[in-house]
Amino acid sequence: MELQTLYKELSQEQFNCDAYVESLARKANTASPKSPLDSIASTFKDVCSDLKVLDMHLKKKERTIEEACRKVEGEHWEMVARLLEKNEKASEILSNLTKRFTNISSGVTFLGYGLAKADEPRSRLVEKKELIKYFAEFLSGRQPLSDVISNKTKQFEAAKAIQQLSLIAEELPKNEYGNVRKNIMKTYNDIERILIGEFVSALETGNISRMKEVANVLSPFRGYSDCVSAYIEHSQRGAFVGRDIFFDVKSLSEKNAVTIREIFHNPEHVMARFILNLYTDRLLKYIEDRLSDRSDPERYLATLFEMHTRVTNLSDELSRLELVSDSSYLATLRGKIFQSYLETYPRIEEEYLQTKFRLILDKFYSSKGHEKRQFSGISTISELKREVQAAITAKTNIQFSSSDLSSRGEILLSEEAVVIILQESKQALKRCHVLSYPNKRIEAIASHSELLLEAILSNHLNYALDIGIQSIPLSEFPKGAQPPQITFYDTVHLGTNIVHLLGKHLADVVLPMIRGSAYEEQVMDRKEAIVTSLEGKFQMGLDRSISAIIGWIRSTLQNEQRKADFKPENDDQLAMPTPVCLKVSRFMEREIGKIKTSLDGRNLEAVLTEVGIRFHRTIYDHLQQFQFNSAGAVNAMLDVSEYRKVIDSWKMPSVLAYFDALYALCNLLVVRPDNLRQVRSGELLAALDNSIILSFVQLRTDFKTSKLFQNL
């Protein structure tokens, strides 16, 4: 293989050693397929020899290049040494020239100061001489500056002279020099008017250097402010043509700040007047126009907040540009613009929120087809009415119709409405933080919190609880009554979510704004007081819901459980839970499912415990009303086992223990008489009182005939 070809292959950017070896092996195998191993070995030996030769050539070439590089490097170092030597000489020459220049400069400066100092008294004498000359001519009744005034090249000289003469004239007695003073002031006014005209002409043509000259001459004149006013008026002419006046104000101020610094000797004062004019004229008129309509409070408050925010941002941007030295100047101007609006803001905000919160809730009630009525809570009269209806139902089986809300099962709570109220609250608090005076801000936030608590807790949640409690069915049911439709669990679920939403809003939005103040504790105490009151209604409603569940179960068992279920004449019939047991179990499963969906945590545990205890007591009392033969006792045990399955699904060991004990008691109805004592001493029954054991054993039909009392 030629060395040049081999070098090209090895020099490729994507060269791969393994692939190259494989390629050589394939070529050798193709060249001699009969003896591939010998061919491959020969090929590899040839390539290795070529690589050694190539390595020798490359090393030789490398040495040649290194020698050439060392030679070039030496030449460069020699050149650098020569340049450093020249640089050192040049630095020495520059240092000498700098010293000589400094010496000459110091001498010239000293000479200039000396000449100026020597000339200063002479110049003052000349000026005084001219003033005396002009004053003498005024004293003689002539107009000495009339020729000078008409000569533009000497107008500045005349202005300087008349300004000084006016100061002198003010010190003269009016009685003796009245005419002189009058003539001097007339000339003063004429020159001032001419110079202002000159300034305006230069302003129209954009001649900045001329404006600067005239402004400097006019600076001690009383009409200097007219000069500034003319500049401000001209600079704003045709400037506000865009849609964004705030951008126009910023751009105009930034642009004119440069020009004002070039023209006027007191740019900060002029810039302050410039910004004052923009704020009290342009911005004030624009804001008054935007806020003139107060018929829509929502739009008015949003516009007021927008205008105040934009003016504040504009003031901050102008402050960063350092257009005025007084940092509080722009804040003062903003306060003057919004003073009348901020004084009435708290009242308008409060009235708007009261109305807005009410409209949000009214819209929800309308969507439910409900007309909110005045409702003063769970009154004594309504309580008495429920008790009378329950008593009549228990005695006569007359079913009283529930309220319209009960029959329709409506839940008058809306998380969506509360979220909207909280969003309105958040926006209102942003406005309150910006638009309220600092010394009244915290008080305003606390007042806002009171409105919020009143709307969500008192007007919405409390009302829904009152209606929900009234809609819970009575605990007494007539024969054949349908299972009650209880929706109060959903009311509890939604009510709990709403309280959590409100608490999070207070913690995240309201409390940080009043942190450390006395109002922080006041707001939380107020919230806790209302929530505590509502918790009592939650408990009342849950208790009535449980009573309705247990009441229907009791009524169903009493009216549908037959004596023959537990004392059948035929002992050979198939043992199975009684139909009423299955009916009650399915009802209980459905109601507990609703409760689990609506409640969680300790609330769920407490409600399930209460339901389980009452349910156990109802079944216990129910069984006490029957006599049991051996076949009926088996049915009773199957019924209790079915009830126990329902309880077992709750995962409440404390409640399940009651039904385990009840099942053990039912076992006393089945066992042989001679085994009663052994069963009585079992783990579940050993802790029970003998009276309870006896009360169950007495339910056996063979209690007297078998003299079971002796076996206990």
Side-chain angles (χ1 to χ4, degrees), residues 549-550 553-554 556-558 561-568 571 573-589 592 605 608-712:
I549 293 173
I550 301 303
I553 291 174
R554 184 187 303 109
T556 302
L557 291 173
Q558 289 175 353
Q561 188 86 69
R562 298 175 301 157
K563 292 183 179 181
D565 291 337
F566 300 131
K567 194 177 178 181
D571 293 344
Q573 67 180 12
L574 181 64
M576 60 184 299
T578 61
V580 67
C581 167
L582 296 175
K583 182 177 182 180
V584 168
S585 297
R586 301 296 83 79
F587 168 73
M588 180 63 80
E589 288 175 347
I592 295 304
E605 183 178 347
L608 290 181
T609 300
E610 184 65 22
V611 173
I613 292 173
R614 294 195 196 183
F615 182 45
H616 166 266
R617 188 66 195 180
T618 300
I619 301 301
Y620 179 90
D621 292 342
H622 175 67
L623 293 176
Q624 291 283 327
Q625 300 174 16
F626 295 90
Q627 291 287 316
F628 300 87
N629 60 20
S630 58
V634 172
N635 290 339
M637 291 186 69
L638 291 174
D639 280 3
V640 173
S641 178
E642 187 70 22
Y643 298 140
R644 186 186 177 282
K645 288 180 184 179
V646 175
I647 302 301
D648 189 39
S649 66
W650 301 1
K651 307 301 180 185
M652 299 281 293
S654 60
V655 179
L656 185 62
Y658 285 97
F659 284 84
D660 289 339
L662 183 59
Y663 186 83
L665 287 172
C666 290
N667 192 34
L668 295 173
L669 304 174
V670 179
V671 299
R672 292 168 56 86
D674 52 352
N675 290 335
L676 275 174
R677 184 166 298 174
Q678 179 183 355
V679 175
R680 165 70 178 85
S681 61
E683 180 182 356
L684 292 175
L685 299 179
L688 296 181
D689 188 84
N690 285 332
S691 61
I692 298 176
I693 303 296
L694 180 60
S695 67
F696 255 80
V697 175
Q698 288 176 345
L699 300 178
R700 294 176 57 137
T701 56
D702 61 347
F703 177 75
K704 294 181 179 180
T705 59
S706 300
K707 300 181 179 181
L708 297 181
F709 181 82
Q710 299 176 359
N711 296 341
L712 295 176

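All figures in this text were calculated on a predicted structure; none of them were measured in a lab.
Aromatic rings of Phe659 and Tyr643 (six-membered ring for Trp) have centroids beyond the 6.0 Å cut-off, not under it.
Note: His622 and Phe566 have perpendicular aromatic rings, judged against thresholds of 30 and 60 degrees for the angle between ring planes. In this pair, His616 and Tyr658 present their aromatic rings tilted. The plane angle is within the 30 to 60° band.
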- Using the side-chain contact (heavy atoms from CB on, under 4.5 Å) rule, take Met652 and Ile647 through it: C-alpha gap first, then chi angles, then the decisive distance, then the call. CA-CA 7 Å; Met652 299 281 293; Ile647 302 301; 5.7 Å; no
- For the pair Val655 and Leu608, evaluate side-chain contact (heavy atoms from CB on, under 4.5 Å) and give the outcome as yes or no after the intermediate values. CA-CA 8 Å; Val655 179; Leu608 290 181; 6.0 Å; no
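Phe587 is listed as a side-chain neighbour of Ile549, based on a closest heavy-atom distance under 4.5 Å.
Residue Phe696 forms a ring-ring contact (aromatic ring centres under 6.0 Å, His included) with just one option from Phe626, Tyr663, Phe628, Tyr620, and that option is Tyr620.
No donor-acceptor distance shorter than 3.5 angstrom exists from the side chain of Ser641 to the backbone of Leu638, with no hydrogens or angles considered. Listed for the Arg644 side chain is no donor-acceptor partner under 3.5 Å among the backbone atoms of Asp660. A donor-acceptor pair is defined here as one N or O able to donate and one able to accept, closer than 3.5 Å; such a pair exists between the side chain of Asn635 and the backbone of Asp565.
Taking every heavy atom of both residues into account, Pro568 and Ala631 meet most closely at CG-CB, 3.7 Å.
Remark: Lys645 does not engage Asp648 in a salt bridge, criterion side-chain N to carboxylate O under 4.0 Å.
Side chains of Thr578 and Asp639: a donor on one and an acceptor on the other come within 3.5 Å.
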